Amino acid sequence: MCTVVIHVPEPDAPAHDRAVRLLAIRDEDPERPWRPLGPWWPQTHPALVGVQDVRAGGAWLAADVDTGRLAVLLNRAETLADPSPASRGGLVLARAAGRRWTRPPRTHGFNLVDVAARRARLLQWNGIAERETAIPPGTHMIAHDDLDDPATPRIARWLDAFRSAPPAAGDAWWEPWLDVLDTSAGLAATDDEAIVRDNRPHGYPTQSLLVCVASIDGDGADVRYGELPEPAAWARVRLRPLERRLSP
C-alpha cells in the first residue's frame, strides 16, 4: 500500500534539471522492525545503502549512491501462483545493484520502481505474469495498481496536485511535494484518498511509517530519510541525508 511520486526529466531538459526525482512513503506493519537508511549489507552488497527489513534481511528501498541507481518496492494486487512466496526485499537489492532476474519471482505481487541516471522503469508482478515498462517524462504516481491509475483513489485525487508542484530549484527540491502532503493530511488516514494512510480498516495491518526522497542523475544518487512521529500521522519530517558511519 506504499505510494511513490516520481518526476522523470524530458530528454532535452537543461543541465540543471536532468535528475530523476522521487518521493516514497512506506506503509508497513509498525510491529515489523526495520533499520533506517544505511549500509546494511557490507558482505553481500557493500556498495548499497537502503532501508532494511530486519525480519527478512532485504530492503524496501535501496540505492547505489555512487553510480546513481535506486529501486523501491510497493505491494500490488495479485493472483498468487506460489503458496509459499519468498521475500521480495532481495529483488530490490538486485535491481539497485544493476542485476536482473532471469526467472519469474517466487513472491507476492509487487510494483518495483527501478531508476538509473535519467530514466526510470516500472516492473510489475501479479503472481502469474511479469511486465516491465518505461516511465515516460513527467510527474507520475504509483501505488498498488498501475502507473497513474485513476482507479486508485489517492492517485485520482492528488496526481494533478503533484504535477502542479514541480520540484523546486536548489537543495530542498522536495518541499513543493511536501506541501501537497501537508494538504492531503487534512483527510483522515483511513480515507481511501489519503496518502499518509492507516490501512487497518481495509484488512491490512499496514500504516504509513516513513518517507524518503531521492535525486538520481549521472553523478550519483542523493537519498534522504525521515520517520513520521507516529504511524499514519503526517508531520513535516526532517529528511536526513545518508549517514555512512552506520553499522549493522
Side-chain angles (χ1 to χ4, degrees), residues 2-26 36-42 44-52 58-74 89-101 110-124 131-142 147-148 162-163 165-178 211-226 239-246:
C2 304
T3 305
V4 165
V5 180
I6 187 169
H7 177 78
V8 179
E10 296 286 346
D12 58 351
H16 67 274
D17 192 27
R18 291 181 179 172
V20 177
R21 313 284 197 185
L22 178 142
L23 178 148
I25 297 175
R26 188 186 191 197
L37 183 69
W40 305 119
W41 304 273
T44 57
H45 296 89
L48 298 187
V49 300
V51 178
Q52 186 187 49
W60 163 69
L61 176 149
D64 185 326
V65 297
D66 294 323
T67 63
R69 292 195 63 94
L70 179 142
V72 59
L73 185 89
L74 305 89
L91 303 177
V92 176
L93 296 174
R95 294 301 291 209
R99 297 202 302 270
R100 295 174 176 267
W101 50 86
F110 61 79
N111 285 333
L112 191 150
V113 180
D114 177 24
V115 183
R118 296 173 63 185
R119 65 94 175 139
R121 302 189 69 80
L122 178 61
L123 289 72
Q124 298 172 292
R131 181 170 53 165
E132 180 173 346
T133 55
I135 299 176
T139 299
H140 306 277
M141 286 183 73
I142 306 148
L147 182 73
D148 300 333
F162 283 110
R163 286 177 168 167
D171 292 338
W173 58 264
W174 54 83
E175 292 294 335
W177 284 357
L178 296 192
V211 58
C212 285
V213 298
S215 177
I216 306 101
D217 60 22
D219 294 325
D222 176 53
V223 188
R224 295 169 184 258
Y225 169 95
L239 295 170
R240 297 179 175 85
L242 172 68
E243 174 52 74
R244 284 187 176 273
R245 289 191 295 273
L246 288 170

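By convention here, the first residue in the shown sequence is residue 1. No hydrogens, no waters, no symmetry mates; every other heavy atom, side chains included, goes into these values. Since the model is a prediction, treat every value here as computed from it, not as a measurement.
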Set of residues satisfying ring pair (Phe, Tyr, Trp, His ring centres under 6.0 Å) with respect to W174, sequence neighbours excluded: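 In terms of ring pair (Phe, Tyr, Trp, His ring centres under 6.0 Å), with neighbours along the sequence ignored, W174 is linked to no residue.
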
Any [X] side-chain heavy atom under 4.5 Å of [Y] side chain:
X    : Y    : answer
C2   : N111 : no
T133 : L147 : no
P137 : P11  : yes

Restricting to non-hydrogen atoms, name the atom on [X] and the atom on [Y] that form the minimum distance, rounded to 0.1 Å.
X    : Y   : result
A116 : R69 : CB-NH1, 3.6 Å
L93  : G58 : CD1-CA, 4.2 Å
C212 : W60 : SG-CZ3, 4.0 Å

Between R118 and D17, does any NZ, NE, NH1 or NH2 come within less than 4.0 Å of an OD or OE carboxylate oxygen?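 So D17 does not pair with R118 through a salt bridge.
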
Which donor-acceptor pairs under 3.5 Å do the side chains of residues 18-26 make with protein atoms, sequence neighbours left out?
residue	atom	partner	partner atom	Å
R18	NE	A13	O	3.0
R21	NH1	S215	OG	2.5

Let me see the working for L74 and V113 under side-chain contact (heavy atoms from CB on, under 4.5 Å), right down to the final yes or no. CA-CA 8 Å; L74 305 89; V113 180; 4.1 Å; yes

As a quick check of understanding, evaluate side-chain contact (heavy atoms from CB on, under 4.5 Å) for L91 and L123, giving each step before the final call. CA-CA 11 Å; L91 303 177; L123 289 72; over 6 Å; no

Residues two or more places apart in sequence or in another chain: which of them pass side-chain contact (heavy atoms from CB on, under 4.5 Å) with T139?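 Listed in chain order: V5, H7, F162, R163, W177.
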
Does atom CG (D171) have a neighbourhood of more than 12 heavy atoms from anything else shown, all under 6.0 Å?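 No, the 6.0 Å shell around CG holds no more than 12 heavy atoms from other groups.
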
